[in-house]
Amino acid sequence: MDTGRLEAFTDGVVAIIITIMVLELKVPQGGSLRDLAGIAPVLLAYVLSFVNVGLYWNNHHHMLHATDRIDGRVLWANLFLLFWLSLVPFVIRWLDESGFSSGATAGYGIVLGMAAVGYALTERAIIACNGPDSAVARAIGGDRKGLGSIGLYLVAVPLAYVSRWLALALYIVVLLLWLVPDRRIVKALDR
């Protein structure tokens, strides 16, 4: 099966997720820039989430360009990833309406962590479909960055019940790890 339809479907779902995220933002009371202060925490959660979803979309795009074919395992793994990404607008709303409660902060980490698991499953399914010598397999290798991200989420989720702000800081650390462009796939394709 060709990768084009999967890429187009994923692009569409990600576009809808991002649209829902922005539509969920509440307009501040008042007309001055100072009025933004009241919604600053949820606005920052939106920015964090937008960048996270964008990073998944960007890395997914590169991974599919290094992929020759896909099968049913890849489709299901990709749906698992998209399911968790589709919950991002929900957890942003939960964070906002609960005043960034410990439970909502942990829930945010669960959603992001499960999206990371979904991405890893999609990588593994692509490698299984294309073989251990494929460009994706060569690029991913042991995937320390991906596994490290999942590990940070595993630490951050229970930490949210001790310190919401430390948990949020770990979510930002994961984001920063991935904000630096991941050149593994590009390098593998250049070989």
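Atoms considered below: every heavy atom in the structure, side chains included; atoms not considered: hydrogens, waters and symmetry mates.
A pairwise comparison of heavy atoms in Gly107 and Val91 identifies O-CG1, 3.9 Å as the closest pair. When all heavy atoms of Ser101 and Arg164 are compared, the closest pair comes out as C-CD, 3.6 Å. Pairing each heavy atom of Ala66 with each of Ala135, the nearest pair is O-CB, 3.7 Å. Minimum interatomic distance between Ala137 and Gly131 (heavy atoms only, all atoms of both residues): CB-O, 3.7 Å. The shortest non-hydrogen separation linking Ser49 to Ile92 is OG-CD1, 3.3 Å. Between Ser102 and Tyr161, the shortest heavy-atom distance links the atoms CB-CD2, 3.7 Å.
Using a 4.5 Å cut-off on side-chain heavy atoms (C-beta onward), Leu87 and Met114 make no contact. Inter-residue side-chain proximity for Tyr171 and Val157 is flagged as met; some heavy-atom pair is nearer than 4.5 Å. You'll find the side chain of Leu177 reaches within 4.5 Å of the side chain of Leu152, heavy atoms only. Counting heavy atoms from C-beta outward, Val13 and Leu85 have side chains that stay 4.5 Å or more apart. Proximity of Leu6 to Val74: side-chain heavy atoms (C-beta onward) are separated by under 4.5 Å at one or more points. Taking the side chain as every heavy atom from C-beta outward, Asp143 and Arg124 approach each other to under 4.5 Å. Leu55 places a side-chain heavy atom less than 4.5 Å from the side chain of Val51. Val42 has its side chain out of reach of Glu24: every pair of non-hydrogen atoms, C-beta onward, lies at least 4.5 Å apart.
By the criterion of side-chain heavy atoms lying less than 4.5 angstrom apart, applied directly or through intervening Ile, Leu, Val, Met, Phe, Trp or Tyr residues, Met63 is not grouped with Leu147; the two fall into different hydrophobic clusters. Under the 4.5 Å side-chain contact rule for hydrophobic residues, Leu176 and Trp178 share a cluster. Cluster annotation: Val14 and Val47 are assigned to the same hydrophobic cluster (Ile/Leu/Val/Met/Phe/Trp/Tyr, side-chain heavy-atom contacts under 4.5 Å, transitive). The same ILVMFWY cluster, assembled from side-chain heavy atoms under 4.5 Å apart, contains both Trp165 and Ile172. Using a 4.5 Å cut-off between side-chain heavy atoms of Ile, Leu, Val, Met, Phe, Trp and Tyr, with links allowed through other members, Val173 and Tyr153 fall into the same hydrophobic cluster.
Taking a 6.0 Å sphere around CG of Leu23, one finds it holds more than 12 heavy atoms contributed by other residues, nucleotides or ligands. Other residues, nucleotides and ligands contribute only 12 or fewer heavy atoms inside 6.0 Å of the CZ atom of Phe9. Residue Phe100 qualifies as enclosed at atom CZ: its count of foreign heavy atoms under 6.0 Å is above 12.
Tyr46 and Phe50 have tilted rings, their planes meeting at an angle from 30° to 60° on a 0 to 90° scale.
Note that the CG atom of Asp11 and the CG atom of Leu64 stand 9.0 Å from one another [nearest 0.5 Å]. Distance check: Met21 CE to Ile17 CD1 gives 8.5 Å after rounding to the nearest 0.5 Å. Note that the CG atom of Leu82 and the OG1 atom of Thr122 stand 8.0 Å from one another [nearest 0.5 Å]. Residue Leu159 holds its CG atom at 6.0 Å from CG of Leu170, rounded to the nearest 0.5 Å. Atom CG in Leu48 sits 3.5 Å away from atom OH in Tyr108 (nearest 0.5 Å). For the atom pair Asp68 CG and Ile126 CD1, the distance stands at 10.5 Å (nearest 0.5 Å).
There is a side-chain donor-acceptor pair under 3.5 Å between Asp35 and Ser32.
Under the 3.5 Å distance criterion, the side-chain polar atoms of Asn130 are left unmatched by any main-chain donor or acceptor of Ile70.
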Step-by-step side chain to side chain contact (heavy atoms under 4.5 Å, CB included) determination, Asn78 to Leu75: CA-CA 5 Å; Asn78 195 71; Leu75 295 175; 5.8 Å; no
